[in-house]
Amino acid sequence: MKKILINGLYPYDEMLTLKLIDYEKGRIIKEEVEKEFNKNFEKLWEIQEDFEYKSDGLLNWQDLLRPFSEIIENCKVLGLKRYFETNFFFRILWFNSRIDIKENQIDEWINKYFRTKYPNENKLIILPSPLLFHYFSENIDINTICDILLQITNFILEKRKGIILFEEPVLTKINLDENLKKILHSFYEKLCKKGYKIFLQCYFGNIENHLNFLYTLPIDGIGIDFINTEIDIIKKWDNNKILIAGCIDCENSYIESLEELTNFINILKGYVNNFYLSGSCDFIFLPSKIAEEKINNLKKLNL
Amino acid sequence: MRPFLTHEVGSLAKPIWRVKAIRNEELKDEDINEAIKWAKILEIKDQIEPLLVLLKKRKNFTIEEKKEIISFSSFYATKLLEKTGIDLIFDGEQHRAEMYEYPIKNIEGFEFRGYVRSFDYKFFKKAACIGEIKLKNFYHEEEFKKIQTFTNKPIKIPITGAYTLVDWSFDEYFIKKINYEKNTKLKKLYAKQNFLKEISDKIIHPILLNLKELGAKFIQIDEPASSAKPNELNLFFDSLTNSIKETYKDIFYTIHICFSNYRLLFPYLPRIQNIVKELHLEFANRDTTELGLSDKKRIGYELLDELKNYNFIIGLGVLNVHTDFVEPIELIKDRILYAYEKIKDPHKIFIAPDCGLRTRSWEIAFKKLTNMVEARNLAIKEIGL
């Protein structure tokens, strides 16, 4: 099985894009769009045929938080906020004081937003980290977010098999105080005690300053954006952790050569026992053809 | 200039008869009826006979016929904006596919790579710079000349700025020239610096000179990407001053920025105080829709306390462009009055939507803009100007 992970939001092919544009303008009916969504899903599954863990590409997620607005009571979707230094925008979620999960709708919600082809297949279950959730939310504290995410993760893992990958761009942008470190530690510990396998994908910057803290977290794998982090960092790699090496530049159309990728892997092999290859961040910043080309190059490598 | 001068920010949706004709799709009766309906609303029925004759062909339009259809959609949109009563007019960018794709198509050295998402289910076609940059033609000349024939009102022409063109593009050309730097991050930064210099010098400055020669008095430089990368703010401001150069002496410049962390820009604003007159920002997107003049109700406008310290006219976004909710006149009036409380001078506040209204239907855009003008009039009355 190939040790490649498709992290984050994945782009649409041109046909689905054009159908969505038409649908938004009221020119076509929903069924036509859904047909293309299904084709994109099938294609993505086909690309990952021999991958250990398969991602659904979050194809029907408008951003990394939006689905949660449908499953949490008293949650409103507000205006746009920039997804860090990119030209992609999320919508802010605003929460009223009483926050509950709509448990009677959870099965339907999981089927809609955590799609899989075969229920027993190993899936890459992608979720926003507590810090990312907090960054794009208003009127809710980090402890409540942790509680909500814990409950939702439990519901998902009752229905799906695989690893949880938390998208964590915030850590590359902030300093953590001791209190926040405790909150995060406790969050991941609770998940760990349930026996879940957890990866934390850090991206959009250099994670070097937080690496020692990340080693202390009860998580299985740490994702590093190697476009923004020097490779020397792996010289002190803690081999108790799995490395998710973001070696594909998801913010540029330049296709990494096989030679460049092989050189990179050879360096990794000198220091890291267990690693997966992934994008430096979400693939959504690339047109689908380029994303596919980049992934196909990874597949050609001898991993 | 009048107090609380009103303007649009740029784009409007394209009418269905234009979209289908350009895409080579067959026009249906309801598409043609749409053209007739809006001609009635805009009171231009006696001027659209050649368009109706053309549309009745329904399909297989020639290049010349398509140009004529685009010209009519420009005429319609100009008249729509005139009808709302706003002070500075444009044509809703009817000549352009989109604010990024249109200029890039007119510049040598780029190749389109495909669609990328910007938010929700909104996309733009992204290109890569693959070779030497050269201006193919003065891509705003024809539209500017055309719109001048449609209106007697002053025209404000929006153009996409250098930084946004560069930031929204992939770079496969300049990066290859930085072979002396091993650090990927620095390599990208140096390449971007060179890319920006070329776009400012070879594209944007000549475009601005051309518009000046054609008599343009109001130019809006759109830079939605400007504050996306905090460590590149110097590059952005360099590219802006480098694009404008001495033309500020003859042109009223607006800089339009939206959906950004504006506070990042503040330390750099003194650099452009003498060359840019209006700083137009999005506010309504961050505001509540409740009536009132309290800080809590007008939370979206909290930056005004800091902005009043700079010597700019504040372009006040009072319409959220990403919702069909039509802001009531009273709500818009409250937003204007709140800004007046902060800025104190009605000549230092321009009234506008947050951004272009291209994602809204003409019905919604028309209602929003009409309410905006009415709210401005009421605010003037209430203040007693």
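In this text the structure is predicted, and so the values were computed from the model without any measurement. Each chain gets a letter, A, B and so on, in the order its sequence line appears, and its residues count up from 1.
Both the backbone and the side chain of B/Arg113 have a heavy atom closer than 4.5 Å to some heavy atom of chain A. Contact annotation for B/Asn320: neither backbone nor side-chain heavy atoms come within less than 4.5 Å of a heavy atom of chain A. Proximity to chain B (any heavy atom under 4.5 Å) is restricted, for A/Lys25, to the side chain, taken from C-beta onward. There is no contact between A/Asn206 and chain B, counting heavy-atom distances below 4.5 Å. For B/Lys122, the part lying near chain A is the side chain, with the backbone staying farther off; criterion is any non-hydrogen pair under 4.5 Å.
The structure places CG of A/Asp249 at 8.5 Å from OG1 of B/Thr184, a figure rounded to the nearest 0.5 Å. Once rounded to the nearest 0.5 Å, the distance linking CZ of B/Phe170 with CG of A/Leu286 reads 5.0 Å. In this structure, CD in B/Glu25 is found 7.5 Å from CZ in A/Arg27, a value given to the nearest 0.5 Å.
Put simply, of B/Asp287, B/Asn231, B/Asn183, B/Thr359, the one with the most heavy-atom pairs under 4.5 Å next to chain A is B/Asn183. Most heavy-atom pairs under 4.5 Å with chain A: of the set B/Lys126, B/Arg286, B/Glu282, B/Lys188, this distinction falls to B/Lys188.
Listed here is the closest heavy atom pair of B/Cys258 and A/Arg82: O-NH2, 4.1 Å. For B/Gly114 against A/Pro287, the heavy-atom pair with the smallest separation is CA-CB, 3.7 Å. In terms of heavy atoms, A/Gly79 sits closest to B/Asn285 at CA-OD1, 3.0 Å.
At least one side-chain heavy atom of A/Leu20 sits under 4.5 Å from a side-chain heavy atom of B/Phe123. Between A/Phe88 and B/Val116, every side-chain heavy-atom pair lies at or beyond the 4.5 Å cut-off. With contacts defined as side-chain heavy-atom distances shorter than 4.5 Å, the pair B/Tyr121/A/Tyr23 does not qualify. Contact annotation: the side chain of B/His322 approaches that of A/Arg91 to within less than 4.5 Å [non-hydrogen atoms, C-beta and beyond].
Between A/Phe89 and B/Phe119, the angle of the ring planes goes over 60°, which puts this pair in the perpendicular group of the 30/60° scheme.
A salt bridge does not link B/Arg117 to A/Asp282: none of the charged side-chain nitrogens sits closer than 4.0 Å to a carboxylate oxygen.
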